[in-house]
Amino acid sequence: MNPLPMLAYIIPADAISPEHHPALEALGLPVLSPAPQASANVSPSIPIGGSESMQAVAKPVAEIVAALTKRPPLNERQTFILATYWRAWRDGEPPLPISTIAERLAAEQPITGERASAYVEGALRAFGKRLGATLSEVPLLIGTDRLGDGVADALPLLAMFQISKGPDGRNRHKLTDSGAAAVAMSLGLTQAGTPAATPLATEDSPDEIVTLAMTRHSAALVFRVMNTIGSGVDDAIQQATARMGAG
């Protein structure tokens, strides 16, 4: 399955730690800076006014975005769990056990630690199912069986997460660079790691530019609205959504 090409806002330079910039640029996600440099493997951006532009997204990221944004939409807890993994990636944390993500979930929502762990495990399974139904090529987990023979199991979640064993033998997860870029685009994360659809955190600015993915078809519709009303992309989207009662 080949998802439609994705377009995205370019990420502002101060939204991501500098050590992550090269990895994101290699994925087709250049980072805005005072003197942006073109990357050989990135298609030219389409200027649309001000500091905003649209950029074609690399296939690995686009496929993860397609998986995360397909119907049914992610629920509130799945969104929180993804944002939590993204903040851990942003902060350079090592792969985390499910119990750590569950503790952070329980700290924000009225659920017990045991139920929180079940929610995290269920969310990871749900992400894997979405990826399995979307990826054009499912990653393989290479290992050995009890006889020492090599085996390879299809594991869609590897497209999005680095998975390793902790001292207790349980899996730990950390977003890959592709996974982190896709999560930021799918949720429209702010610098604080807050999804765009949730109320702004204290440190968020409503005017900061976030990364948000859309198909090329949707981008074409936005440009048509822009040309019709003579505005920039942000105003075009705000006015279009306002007319539908969501502004």
Side-chain angles (χ1 to χ4, degrees), residues 16-17 19-20 23-24 27 60-61 63-70 72-187 189 192-195 198 201:
I16 300 296
S17 299
E19 62 265 25
H20 292 306
L24 292 174
L27 294 170
V61 178
E63 290 193 335
I64 300 172
V65 170
L68 295 179
T69 55
K70 66 189 297 185
L74 299 174
N75 61 42
E76 181 182 351
R77 289 196 176 105
Q78 290 172 334
T79 298
F80 180 89
I81 288 166
L82 279 180
T84 302
Y85 275 116
W86 185 87
R87 290 190 292 269
W89 170 87
R90 177 200 61 190
D91 296 339
E93 294 189 57
L96 298 175
I98 286 174
S99 59
T100 297
I101 302 299
E103 289 172 1
R104 296 176 186 182
L105 176 62
E108 296 291 333
Q109 301 192 8
I111 53 178
T112 63
E114 185 175 334
R115 288 183 62 202
S117 291
Y119 281 128
V120 176
E121 291 172 354
L124 290 172
R125 287 194 297 270
F127 301 150
K129 289 180 181 179
R130 285 172 174 266
L131 290 164
T134 305
L135 298 175
S136 57
E137 184 175 350
V138 177
L140 298 177
L141 177 64
I142 308 299
T144 56
D145 60 17
R146 60 187 180 84
L147 300 177
D149 296 325
V151 293
D153 297 319
L155 189 59
L157 204 58
L158 281 176
M160 185 173 166
F161 284 96
Q162 169 194 339
I163 305 176
S164 57
K165 294 287 185 181
D168 58 359
R170 296 183 179 181
N171 285 341
R172 299 185 173 210
H173 301 79
K174 179 176 182 177
L175 286 172
T176 62
D177 291 329
S178 292
V183 168
M185 292 165 56
S186 299
L187 304 184
L189 293 180
T194 306
T198 61

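Because the structure is a prediction, the values reported are computed rather than measured.
Interatomic distance, L124 CG to N171 CG, rounded to the nearest 0.5 Å: 9.5 Å. For the atom pair OH of Y119 and OG1 of T112, the computed distance is 8.5 Å after rounding to the nearest 0.5 Å. Atom CD of Q78 sits about 7.5 Å away from atom CG of L82, to the nearest 0.5 Å. The distance from atom CG of L155 to atom CG of L140, rounded to the nearest 0.5 Å, is 9.0 Å. Taken to the nearest 0.5 Å, the CG atom of L96 stands 14.5 Å off from the CH2 atom of W89. The CG atom of L157 lies 13.0 Å from the CZ atom of R130; values are rounded to the nearest 0.5 Å.
Taking every heavy atom of both residues into account, I98 and S117 meet most closely at CG2-O, 3.9 Å. Smallest separation of non-hydrogen atoms from P195 and T79: CG-CG2, 3.6 Å. Residues L158 and P139 come closest through the heavy atom pair CB-CB, 3.8 Å. Closest heavy-atom contact between T176 and A159: OG1-O, 3.7 Å. Among all heavy-atom pairs drawn from A83 and L189, the shortest one is CB-CD2, 4.2 Å. Closest non-hydrogen pair, V138 versus A154, comes out as CG1-CB, 3.8 Å.
The side-chain heavy atoms of M160 and L68, taken from C-beta on, include a pair separated by under 4.5 Å.
A salt bridge (charged side-chain N to carboxylate O under 4.0 Å, His left out) check over residues 97-121, counting only residues at least two apart or in different chains, returns the pairs E93-R104. Within the structure, salt bridge (charged side-chain N to carboxylate O under 4.0 Å, His left out) pairs that include any residue of residues 154-167 do not occur (at least two apart or interchain). For the ring pair (Phe, Tyr, Trp, His ring centres under 6.0 Å) condition, the pairs that include at least one residue of residues 156-186, sequence neighbours left out, are Y85-F161, F161-H173.
Legend: residues meeting side-chain contact (heavy atoms from CB on, under 4.5 Å) with A116, ordered by chain and number and at least two apart, are A102, L105, A106, I111. The side-chain contact (heavy atoms from CB on, under 4.5 Å) check on K129 picks up nothing, with sequence neighbours excluded. Looking at residues two or more places apart in sequence or on another chain, you find no side chain to side chain donor-acceptor pair (under 3.5 Å) involving R125. With sequence neighbours excluded, no residue forms a ring-ring contact (aromatic ring centres under 6.0 Å, His included) with F127. Legend: residues meeting side-chain contact (heavy atoms from CB on, under 4.5 Å) with P97, ordered by chain and number and at least two apart, are S99, T100, R172. T84 pairs by the side chain to side chain donor-acceptor pair (under 3.5 Å) definition with R87, not counting sequence neighbours.
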